[in-house]
Amino acid sequence: MVLTIIYLLSKVSFIFNPLVTLVSILIVPLTISGFLYYLLRPIVQFLERKKLNRVLSILLIYLLFAGVITIFLIVVWPPLRKQIIEFMNNVPKMINGLQTQFNDIRDNRYLSMVTNETSPELMSKVTEYLNSAMEAISGYLSHVVTFLNDFVIVVGTVPILLYYMLKEDERVTPMLVRMLPSRYRRDGANVIHEIDNMLKGFIAGRMISALLLAFMSFIGFWMIGLPYPLLLAVVGALFNFIPYFGALLGAIPCVIVAFTVSPTMVLWVIVVVVVAQQIEGNLISPYIYGKTINIHPLTTIVLLLVAGDFGGILGMILAIPVYMMLKIIVLKAHKLYFAEKMEDLTETNP
């Protein structure tokens, strides 16, 4: 019956196309709104404890947020924009620099013996792959202009969604609980509370870790003289929202840019990235997350691979919190199921 239902649904898939389109349009604004909601909700609750009206608290936060964005546009955006433009303009020069560096490595007296004995085409293959990676990075940056259409949707919808999320915060849980049968309402409230705590810890932890990692990376790249230190630090921090793979993905652009300078610069970049990641992973993350995120590494890797194939970067970012939500719900449902079974056995066998 299940297979028949799936088959019939596949035959009328055109009915669901508007729903799929709606989800694809709203997924980014909803994700950003939910992210900001968990960051700003503690501030709203603090202002409410100070006897300030919730609506006024939200408007005050919006005003402060606008000030932060203004400071960002004045202080951070000009050098960041300059580095993005310079990077895009210097892509051909950097590709030539990559070719020069690998030609020097290939012509090295000691390395040439190794490469000649193993594979004469090894260095050319590596150069080809790195050139392709550099062109892909420049292509992503050049697509910033096409992102403006989506950016308009985000700017227009996120403030409205966020406002109602913060305003109706205390009504959501009771409304969801009332939708459940009476016998499950207490357990449903506990599940919602667990999910809420999990999302709060995950989002706040990722945000703090990303900011600290960006700061450490920027200082390290600036000290070793790596080109575009602010841009590369921001890219690494954004990728840090992806567990495990984020560190590798964020380090790839840094290593490629370092190769355009010298092989020695590559070593220094690797040192900076490893030190920053070790500090973030072993000192900062355990203190921030505690026991909020308790997933086996193998499970995390499988989730990220599957989510990345279906949803790209956004899918990899959402994979862990969605999995944790489903895990909490399934474990609670499983516990209730066996509790009811035990009650039935007790009643039938007094």
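Lys82 pairs by the salt bridge (charged side-chain N to carboxylate O under 4.0 Å, His left out) definition with nothing, not counting sequence neighbours. The ring pair (Phe, Tyr, Trp, His ring centres under 6.0 Å) search around Tyr37 returns none, not counting sequence neighbours. Partners of Arg171 under the side chain to side chain donor-acceptor pair (under 3.5 Å) rule, at least two apart in sequence or in another chain, are Glu168. Listed by chain and number, the residues in a side-chain contact (heavy atoms from CB on, under 4.5 Å) with Val272 are Phe221, Ile224 (sequence neighbours excluded). Partners of Leu56 by side-chain contact (heavy atoms from CB on, under 4.5 Å), not counting sequence neighbours, listed by chain and number: Leu52, Asn53. Leu9 meets the side-chain contact (heavy atoms from CB on, under 4.5 Å) test with Ile5, Phe16; sequence neighbours excluded. For Arg54, the side chain to side chain donor-acceptor pair (under 3.5 Å) partners at least two apart in sequence or on another chain are Glu48, Glu170.
Residues Met207 and Phe35 meet the side-chain proximity criterion, which asks for heavy atoms closer than 4.5 Å. Looking only at side-chain heavy atoms (C-beta outward), Leu232 and Ser217 stay at 4.5 Å or farther from each other.
Put simply, the side chain of Tyr323 never gets that close to the backbone of Leu318: no donor and acceptor are under 3.5 Å apart.
For residues 36-46, the set of pairs meeting the salt bridge (charged side-chain N to carboxylate O under 4.0 Å, His left out) definition, not counting sequence neighbours, comprises Arg41-Asp169, Arg41-Asp196.
Rounding to the nearest 0.5 Å places CG of Leu161 at 10.5 Å from CD1 of Ile32. Summarising the geometry, atom CG belonging to Leu180 is positioned 11.0 Å from atom CZ belonging to Arg178; distances are rounded to the nearest 0.5 Å.
Val172 shares a hydrophobic cluster with Leu176, Val177, Met179, Ile192; the chain of contacts runs through ILVMFWY side chains whose heavy atoms sit under 4.5 Å apart. Through direct or indirect side-chain contacts shorter than 4.5 Å among Ile, Leu, Val, Met, Phe, Trp and Tyr, Val2 is connected to Ile6. Other residues sharing the hydrophobic cluster of Tyr7, ordered by chain and number and joined by side-chain separations under 4.5 Å: Leu8.
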Residues 63-76, side-chain donor-acceptor partners within the protein, below 3.5 Å, at least two apart:
| from | atom 1 | to | atom 2 | distance (Å) |
| --- | --- | --- | --- | --- |
| Thr70 | OG1 | Ala66 | O | 2.7 |

